[in-house]
Amino acid sequence: VKEELDIIPARARILEYWQEKAVFDEDGESCIKAAKRPAHPLGKCIASVQLLAYILVAKYADALPLYRLENILKRYGGNISRTTMANWVIRLDDVFKPLINLLREHQLEGDYLQADETRLQVLKEDGRPATSDKWMWLVRGGPPDQPVVLFEYDASRGEEVPSRLLDGFEGVLQADGYAGYNQVCRNNPITRIGCWDHARRKFIEASKATVGGSKAKKGKVTPASKADVALGYIRKLYAIERENREGNDADTYQARQALSLPQLNAFKAWLEKNVGKVMKGSLTRLAMDYTLNQWPYLIGYCDRGDLQISNILAENAIRPFAVGRRAWLFADTTQGANASATCYSLIETAKANQLEPSAYIHTVLNRIGEADTLEKLEALLPWNVALEPVSKKVTQYS
């Protein structure tokens, strides 16, 4: 048996739906009845469900801007402008909203969330210049075996945004040192923990800026800088996490209590002893001050075995957005930014639940037009969708 991986190239085609209509005589009166057609998520629309899924996945999973998709579709034989595709995406935002609301409710049922935010340029935002920074927020978490990744666009980076996004949540929130999360944690039963990746990056920047550092130069090894010493402590913390990655939450908690906490105490003692010896304003001093200021949050991951040492899961989820942003650069309108947030939410939630995004988006689009009850909507949640595996064609030669 010889197996080869095959792919079917994209090809544009026209689908025709023939709907039979007939005149019936009922109680002496004539009436017209029509056969039921498949429900389309956008009603009257020239794009098939498959084409809509292709556009969403190409832009939001594969980072292809719409102007490139316009040329690709033209090469395949489909003449669709980028403006038309953008309007389809915006219209789908309203179609997906009930499903997004269900995902948000499900996410808040968990007791551990991670949050992050990144810049987004929106050209047409009321009351704000096109060059000003707007923000795409991300919240990841929920029940451990059913994670939800939700994006939310807002022109503000103020405290009111996380207060709105996390309304009703009770549990642990993991984020970087941004003060915008203080209010929601202060006004709600939320325990905030920090991210060691952010502290580590600051020491890495300081180490790179240090002349020589601990690297060999002209046959000599210069003494390790204070940034390098700090990185040595942090590496030991991450090594403990790697060694206990395969264990259950209880084992991880015990390892952190027995190994991580003594290492953390030694690191803090070293920081307090040496911070006054470093020049104020230097990268090393800034890294040390940041770590000491965030210390109550940074050690929070040791309180439970299921918490992460860093905000890496949220950062990994927001990275596809950052990659796409480098390709399409900006959103034209607020409606476009909101629609993008919705599409990224569905795709990244599918990926977090080990689903192939294209298959999941196609399934949702194919069924959501007829999802007129709560039960039908719940059936579209990623953990309730059963996707068929990739087919295998067998050819026999004798």
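These numbers come from a predicted model, not from an experiment. We use all heavy atoms of the structure for the numbers below, so side chains are in, but hydrogens, waters and symmetry mates are not. This chain uses plain numbering: 1 for the first residue, then up along the sequence.
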S.K.: CD/E356 to CD1/I347 distance, rounded to the nearest 0.5 angstrom?
M.R.: 10.0 Å

S.K.: Please report the C-alpha distance between S132 and K134 in whole Å, then the side-chain angles of each, then the deciding distance to 0.1 Å, and finally whether the side chain to side chain donor-acceptor pair (under 3.5 Å) criterion is met.
M.R.: CA-CA 7 Å; S132 65; K134 292 85 176 178; 3.0 Å; yes

S.K.: State which residues pass salt bridge (charged side-chain N to carboxylate O under 4.0 Å, His left out) with K376; sequence neighbours excluded, sorted by chain then number.
M.R.: D372

S.K.: Start with the C-alpha distance between E16 and W18, add both sets of side-chain angles, then the distance that settles side chain to side chain donor-acceptor pair (under 3.5 Å), and finish with yes or no.
M.R.: CA-CA 6 Å; E16 288 187 352; W18 288 36; 3.1 Å; yes

S.K.: S310 and Q114: which non-hydrogen atoms are nearest, and at how many Å?
M.R.: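 S310 and Q114 have their closest heavy atoms at O-NE2, 3.3 Å.
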
S.K.: Between atom CG of L42 and atom CG of L52, what is the distance when rounded to the nearest 0.5 Å?
M.R.: 5.5 Å

S.K.: Between H362 and L365, is any pair of side-chain heavy atoms under 4.5 Å apart?
M.R.: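 No, every pair of side-chain atoms sits at 4.5 Å or beyond.
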
S.K.: Just by distance, do the side chain of N353 and the backbone of P147 share a donor-acceptor pair under 3.5 Å?
M.R.: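 Yes: the side chain of N353 pairs with the backbone of P147.
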
S.K.: For a side chain to side chain contact (heavy atoms under 4.5 Å, CB included) check, start with the C-alpha distance between L264 and C302, then their side-chain angles and the critical distance, and finish with the verdict.
M.R.: CA-CA 10 Å; L264 286 164; C302 291; 3.7 Å; yes

S.K.: Does the cation-pi check pass for R157 over Y178, that is, NZ or CZ under 6.0 Å from the six-membered ring centre and within 45° of its axis?
M.R.: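 Verdict for Y178: a cation-pi partner in R157.
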
S.K.: For E4 and K2, what are the C-alpha separation, side-chain angles and deciding distance, and is it a salt bridge (charged side-chain N to carboxylate O under 4.0 Å, His left out)?
M.R.: CA-CA 7 Å; E4 295 178 343; K2 177 179 180 292; 2.2 Å; yes

S.K.: Is there side-chain contact between E159 and V184, with at least one heavy-atom pair below 4.5 Å?
M.R.: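 Counting from C-beta outward, E159 and V184 never come under 4.5 Å.
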
S.K.: Which pairs count as side-chain hydrogen bond (donor to acceptor under 3.5 Å, both in side chains) when at least one residue sits in residues 268-288, sequence neighbours excluded?
M.R.: R285-D289

S.K.: Answer yes if the side chains of T342 and D93 hold a donor-acceptor pair under 3.5 Å, and no otherwise.
M.R.: yes

S.K.: Indicate yes or no for a side-chain donor-acceptor contact from T291 to the backbone of A287 under 3.5 Å, with no hydrogens or angles considered.
M.R.: yes

S.K.: Salt-bridged, R104 to D167, with N to O below 4.0 Å?
M.R.: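 Between D167 and R104 there is no salt bridge, as every charged N stays at least 4.0 Å from the carboxylate O atoms.
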
S.K.: Can you get from V323 to W328 by hopping between Ile, Leu, Val, Met, Phe, Trp and Tyr side chains that sit under 4.5 Å apart?
M.R.: no

S.K.: Regarding K202 and E205, does a basic nitrogen lie under 4.0 Å from an acidic carboxylate oxygen?
M.R.: no

S.K.: Measure the spacing between CG of L261 and CD1 of I299 and express it to the nearest 0.5 Å.
M.R.: 7.5 Å

S.K.: Do you know the tightest heavy-atom contact between A350 and P357?
M.R.: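 For A350 and P357, the tightest heavy-atom pair comes out as CB-CA, 4.5 Å.
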
S.K.: Do NZ/NE/NH1/NH2 and the carboxylate oxygens of E152 and R164 come within less than 4.0 Å?
M.R.: yes

S.K.: If you count heavy atoms of other groups shown closer than 6.0 angstrom to CG of L15, is the number above 12?
M.R.: yes

S.K.: Looking only at heavy atoms, which two atoms of L298 and W196 are closest? And how far apart?
M.R.: O-NE1, 2.9 Å

S.K.: Answer with yes or no whether the side chains of E160 and S156 bring together a donor and an acceptor at under 3.5 Å.
M.R.: yes

S.K.: V95 and P98: which non-hydrogen atoms are nearest, and at how many Å?
M.R.: O-CD, 3.4 Å

S.K.: Going by atom types only, do R140 and N311 share a side-chain donor-acceptor pair under 3.5 Å?
M.R.: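 No, no side-chain donor-acceptor contact under 3.5 Å.
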
S.K.: To the closest 0.5 Å, what do you measure between CD (E170) and OG1 (T191)?
M.R.: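 E170 CD to T191 OG1: 10.5 Å, rounded to 0.5 Å.
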
S.K.: With no hydrogens and no angle check, do the side chains of Q174 and Y112 hold a donor and an acceptor under 3.5 Å apart?
M.R.: yes

S.K.: Is there a path of hydrophobic side-chain contacts, each under 4.5 Å between heavy atoms, that joins L166 and L103?
M.R.: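 No, separate clusters.
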
S.K.: Just verifying a value: how many Å separate I80 CD1 and L66 CG, rounded to the nearest 0.5 Å?
M.R.: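 CG of L66 is found 12.0 Å from CD1 of I80.
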
S.K.: Does atom OH of Y76 have more than 12 heavy-atom neighbours, drawn from other residues, nucleotides or ligands, at distances under 6.0 Å?
M.R.: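 It does: Y76 OH has more than 12 such atoms within range.
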
S.K.: For Y60 and S340, test the side chains for any donor-to-acceptor distance below 3.5 angstrom and give the result as yes or no.
M.R.: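 Yes, side-chain donor-acceptor contact under 3.5 Å.
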
S.K.: Under 4.5 Å between any side-chain heavy atoms of H198 and Y290, yes or no?
M.R.: yes

S.K.: Honestly, is R186 close enough over Y181, meaning NZ or CZ under 6.0 Å from the six-membered ring centre and within 45° of the axis?
M.R.: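 No cation-pi geometry.
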
S.K.: Could D197 and R200 be called an ion pair, given the rule that one side-chain N must be under 4.0 Å from one carboxylate O?
M.R.: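 Yes, this pair counts.
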
S.K.: Do Q107 side-chain atoms and G142 backbone N/O form a donor-acceptor pair below 3.5 Å?
M.R.: no

S.K.: Among residues two or more places apart or on two chains, list those pairs meeting salt bridge (charged side-chain N to carboxylate O under 4.0 Å, His left out) that have a residue in residues 49-72.
M.R.: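 Listed by first then second residue: E70-R82.
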
S.K.: Does the side chain of Y297 pick up a donor-acceptor pair with the side chain of D176 at under 3.5 Å?
M.R.: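 Their side chains do not contain a donor-acceptor pair, so the 3.5 Å distance test is not met.
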
S.K.: Are V172 and Y253 connected into the same hydrophobic cluster when the rule is that any two of I, L, V, M, F, W, Y join if their side-chain heavy atoms are below 4.5 Å apart?
M.R.: no

S.K.: State, to 0.1 Å, how close R304 and R256 come at their nearest heavy-atom pair, and which atoms those are.
M.R.: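 Between these two residues, the closest heavy atoms are O-NH1, 2.7 Å.
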
S.K.: Working note: Y344 + I318, criterion side chain to side chain contact (heavy atoms under 4.5 Å, CB included); need CA distance, chi angles, decisive distance, verdict.
M.R.: CA-CA 9 Å; Y344 275 114; I318 210 169; over 6 Å; no

S.K.: Is the closest side-chain donor-acceptor distance between T84 and N87 under 3.5 Å?
M.R.: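 Result is no, nothing qualifies.
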
S.K.: Cut-off 3.5 Å, side chains only: do D25 and S30 have a donor facing an acceptor?
M.R.: no

S.K.: Check A371 against L380 and note the closest heavy-atom contact, atom names and distance.
M.R.: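 Nearest heavy atoms, A371 then L380: CB-CD1, 4.3 Å.
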
S.K.: Does the pair R235/E241 count as a salt bridge with the N-to-O cut at 4.0 Å?
M.R.: no

S.K.: Answer whether the closest heavy-atom distance between the side chains of S48 and H40 falls below 4.5 Å.
M.R.: no

S.K.: Mind checking whether V278 and K226 have side chains closer than 4.5 Å, heavy atoms only?
M.R.: yes

S.K.: Is there a path of hydrophobic side-chain contacts, each under 4.5 Å between heavy atoms, that joins F321 and L113?
M.R.: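 F321 and L113: separate clusters.
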
S.K.: Heavy-atom distance under 4.5 Å between the side chains of L56 and F96, does that happen here?
M.R.: yes

S.K.: Is it true that, when you exclude Q19 itself, more than 12 heavy atoms of the residues, nucleotides or ligands shown sit nearer than 6.0 Å to its CD?
M.R.: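 Atom CD in Q19 is crowded, with more than 12 foreign heavy atoms closer than 6.0 Å.
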
S.K.: With side chain to side chain donor-acceptor pair (under 3.5 Å) as the criterion, how do T252 and D249 come out once you've worked through the C-alpha distance, each side chain's angles and the decisive distance to 0.1 Å?
M.R.: CA-CA 5 Å; T252 301; D249 293 344; 5.3 Å; no

S.K.: Under a single-linkage definition using a 4.5 Å side-chain heavy-atom cutoff for Ile, Leu, Val, Met, Phe, Trp and Tyr, are I190 and L138 assigned to the same hydrophobic cluster?
M.R.: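 Different clusters: I190 never reaches L138 through Ile, Leu, Val, Met, Phe, Trp or Tyr contacts under 4.5 Å.
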
S.K.: Take Y153 and E125, measure what side chain to side chain donor-acceptor pair (under 3.5 Å) needs, and give me the verdict at the end.
M.R.: CA-CA 12 Å; Y153 165 72; E125 177 69 56; 2.6 Å; yes

S.K.: Does CD1 in I32 sit with more than 12 non-hydrogen atoms of other residues, nucleotides or ligands closer than 6.0 Å?
M.R.: no

S.K.: Evaluate the ring planes of F267 and Y233, with Trp represented by its six-membered ring, and classify them as parallel (under 30°), tilted (30 to 60°) or perpendicular (over 60°).
M.R.: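 Aromatic pair F267/Y233 classed parallel.
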
S.K.: Look up atom NZ in K74 and atom CG in N79, then write down how far apart they are to the nearest 0.5 Å.
M.R.: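 The CG atom of N79 is 5.5 Å from NZ of K74, to the nearest 0.5 Å.
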
S.K.: Consider only side-chain N and O atoms of T118 and R325, and report whether a donor and an acceptor are under 3.5 Å apart.
M.R.: yes

